[in-house]
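Within every chain, numbering begins at 1; the chains are lettered A, B, ... in the order of the sequence lines, protein sequences first and strands thereafter. Model, not experiment: these values are computed from the prediction.
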Number of protein chains: 2
Amino acid sequence: MKTNSKLKPNANSKSESLADFKVGVDNVIFSVDITYNRVLVLLRKRNNDPFKNYWSLPGTLVRQGESLTDAAYRTLAEKIQADNLYLEQLYSFGNPGRDPRENPDSYGIRYLSVSYFALVRYEESKIINQTDYSIAWYRVNDIPKLAFDHDKILDYGWNRLKNKLQYSPLAFDVLPTEFTLNEVYKLYCTILGENFSDYSNFRSRLLKLGFLSDTGVKVSRGAGRPASLYKFDSEAFAPLKDKPLLFI
Amino acid sequence: MKTNSKLKPNANSKSESLADFKVGVDNVIFSVDITYNRVLVLLRKRNNDPFKNYWSLPGTLVRQGESLTDAAYRTLAEKIQADNLYLEQLYSFGNPGRDPRENPDSYGIRYLSVSYFALVRYEESKIINQTDYSIAWYRVNDIPKLAFDHDKILDYGWNRLKNKLQYSPLAFDVLPTEFTLNEVYKLYCTILGENFSDYSNFRSRLLKLGFLSDTGVKVSRGAGRPASLYKFDSEAFAPLKDKPLLFI
DNA sequence: TTAATTTTGGTATTTATTACTATAAATATA
DNA sequence: TATATTTATAGTAATAAATACCAAAATTAA
């Protein structure tokens, strides 16, 4: 059934000209360090060819009997300890030649990457250090040249984050479970660019949406009057889920 | 290199337990018949097992050296004659067991579907009749039980259409190149549900966005005062592309 | 003790949305 | 032909929302 990759396939036989694939999942995992206002991406350093010593998105090849999501969760769980992470499929990259392990004559096995977009809480998660390679958080605006087409995948994920932040409550998946309104504001500033709105108006607009509940607890973060800690109320948000709304 | 699918793979050898895939593309192709206010999906009747005589999304398996998008365009071009069609990747479905051709013991070849979302203009496109199977437009709210997991894929595409219509100018990819404002309004009503807005206010909101240009030509569609034909001005829209805006 | 900083509540102005009205220009019909 | 009906289009008043500010409160920093 399978064509010998050394042989040119018979062009007349339709089934013979089909490509054979290995499928990988690659995760674009974001977190935000609110104390330094940094958007971070989890990268791992490759210890094997191809792209040995390059940094890449944490990923894995899909195993027999394994679903795509399971593969995504598996590689995530290997690298980071985080509960309540947000995960959604991002995009699939499968153009011929995207992996140097592919035969340059275009026959033989191809590598397709189904990418996933993940959000974890920086403060509540912990990198699991590996014995044979390094893992690290990288600032999203200071990324080295990555292995494969991972720059493109990362870029795709970064755009998803910026867009989706505007019309869905992604912010509350990267912020700590309890946060001040100023922290929400700074998050939006960091991701969407500095001067996108006035703080005072951002506050009232956000509160009017009605899904942030004041815990009553006050915290002091440096100088100034202490702020209330809020948390995201998913029940209060539920009825708004399918309505078109802008968060900014 | 390839595991014999009859044999249980060696669990100790990592590479042996990787799944082998064929990759298919399946297209969710929408159009809208504005004279009858119908949202249509292009389906084909399968003439082979599995799911012989079931209707399915038009798709194909990716060939050697072929990109995913090329495969999507190839199967599209085989089935429908349409210029200026809109195409974007939708989602990838690759869970084990989604295709009955897969071995039930979870070893052997798996079939992954990368789905694409397409919009064509009903009036300006033409189905290419095939000798060995039928192709037809089906009303989106009157779809038979489809082959494979194509119901799920179609559903995913239908949601994409409904959501994206609210914050991007998809409407002008399904409407004829020149249209009356009432036709835009009816399109939004048909897709988003009857009573979502007042016609008069919808008009002024849409016009204020500034990317519809009046051709000056008046047309009479049945009774009533003739309406202006408008067209979408992509240059005027360009600066708004990255701004968060609601069309409704 | 005073200055600086940050939160929070608030207001006036501008802008947008909404519900509605009126007129224009065609077709349908008696 | 005269009149009713239909649809397009412009416009308006009332309401709601967004925006640009302001000021008091409660803390830390000097």
Side-chain angles (χ1 to χ4, degrees), chain A residues 34-37 165-167 171 175-176 178-190 192-231 240 243-248, chain B residues 34-37 165-167 171 175-176 178-190 192-231 240 243-248:
Chain A
I34 53 165
T35 46
Y36 296 104
N37 281 323
L165 201 68
Q166 298 175 6
Y167 58 89
L175 285 169
E178 301 198 340
F179 45 82
T180 68
L181 293 180
N182 189 273
E183 284 162 355
V184 186
Y185 177 65
K186 278 186 183 145
L187 175 74
Y188 271 87
C189 285
T190 330
L192 263 29
E194 283 314 319
N195 38 17
F196 82 102
S197 170
D198 170 85
Y199 173 46
S200 183
N201 295 327
F202 177 83
R203 275 175 55 96
S204 37
R205 212 176 325 130
L206 201 59
L207 288 175
K208 192 152 48 177
L209 290 171
F211 51 73
L212 295 189
S213 63
D214 191 337
T215 64
V217 182
K218 304 279 177 186
V219 283
S220 256
R221 310 249 200 260
R225 176 174 169 179
S228 255
L229 280 181
Y230 284 81
K231 57 181 175 184
L240 304 172
K243 300 212 190 281
L245 41 96
L246 292 174
F247 280 59
I248 61 164
Chain B
I34 52 164
T35 47
Y36 296 104
N37 282 322
L165 200 68
Q166 298 175 7
Y167 59 89
L175 284 170
E178 300 198 339
F179 46 82
T180 68
L181 293 180
N182 188 272
E183 283 161 356
V184 186
Y185 177 65
K186 277 187 184 147
L187 175 74
Y188 272 87
C189 286
T190 327
L192 263 32
E194 283 313 319
N195 37 16
F196 81 104
S197 170
D198 171 86
Y199 173 45
S200 183
N201 294 328
F202 177 83
R203 276 175 56 96
S204 36
R205 211 174 328 128
L206 201 58
L207 288 176
K208 192 153 48 181
L209 291 171
F211 51 72
L212 294 188
S213 64
D214 191 336
T215 63
V217 182
K218 304 279 178 185
V219 283
S220 255
R221 310 251 201 255
R225 176 173 167 179
S228 256
L229 279 181
Y230 284 80
K231 56 181 176 185
L240 304 172
K243 299 210 190 286
L245 41 95
L246 291 174
F247 281 58
I248 58 165

Can you measure [X] atom [atom1] to [N] atom [atom2] for me and round it to whole angstrom units?
X      : N      : atom1 : atom2 : result
A:L246 : D:dT19 : CG    : C1'   : 16 Å
A:Y199 : D:dC21 : OH    : C1'   : 16 Å
A:D214 : C:dT8  : CG    : P     : 8 Å
B:L245 : C:dA16 : CG    : P     : 13 Å
B:D198 : C:dC20 : CG    : C1'   : 8 Å
B:F247 : C:dT17 : CZ    : P     : 13 Å

Next on the checklist: Under a 3.5 Å distance rule, please check whether A:Y199 uses its side chain to pair with a backbone N or O of A:K186 as donor and acceptor.
Outcome noted: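 Checked: no pair found.
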Checklist entry - Does any N or O in the side chain of A:T180 come within less than 3.5 Å of the main-chain N or O of A:S228, such that one atom is a donor and the other an acceptor? => result no
Next on the checklist: Checking B:N37 now: which residues fulfil side-chain hydrogen bond (donor to acceptor under 3.5 Å, both in side chains) with it, not counting sequence neighbours?
Outcome noted: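 Expected list: none.
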Item to check | For B:R221, all residues meeting salt bridge (Lys or Arg N to Asp or Glu O under 4.0 Å), sequence neighbours excluded | outcome: B:E183
Checklist outcome for this item: Residues at least two apart in sequence or cross-chain that pass ring-ring contact (aromatic ring centres under 6.0 Å, His included) with B:Y230, listed by chain then number, are none
Item to check | Within residues 196-210 of chain A or reaching into it, pairs that qualify as salt bridge (charged side-chain N to carboxylate O under 4.0 Å, His left out) - sequence neighbours excluded | outcome: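 Applying salt bridge (charged side-chain N to carboxylate O under 4.0 Å, His left out) to every pair that reaches into residues 196-210 of chain A, excluding sequence neighbours, yields nothing.
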Item to check | Nearest listed nucleotide, side chain of A:N182, among C:dT7, C:dG9, D:dT9 | outcome: C:dT7
Next on the checklist: Are B:K231 and B:L212 packed together at the side-chain level, in the sense that at least one heavy-atom pair is separated by less than 4.5 angstrom?
Outcome noted: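 Result no, sub-4.5 Å side-chain heavy-atom pair not found.
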Checklist entry - Say you draw a straight line from CG of B:L246 to NZ of A:K243; how long is it, rounded to the nearest 0.5 Å? => result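 If we round to the nearest 0.5 Å, B:L246:CG and A:K243:NZ are 13.0 Å apart.
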Checklist entry - How far does CG of A:L206 sit from CG of A:L181, to the nearest 0.5 angstrom? => result 6.5 Å
Next on the checklist: Under 4.0 Å, heavy atom to any atom of DNA chain D: which of residues 201-211 of chain A qualify?
Outcome noted: A:N201, A:R205
Checklist entry - Counting only side-chain N and O atoms of A:S228, is one of them less than 4.0 Å from OP1 or OP2 of C:dT8? => result yes
Next on the checklist: Strictly under 4.0 angstrom, non-hydrogen atoms only: write out the protein contact profile of nucleotides 23-30 of chain D, one letter per nucleotide from the 5' end, B, S or -.
Outcome noted: --BBBS--
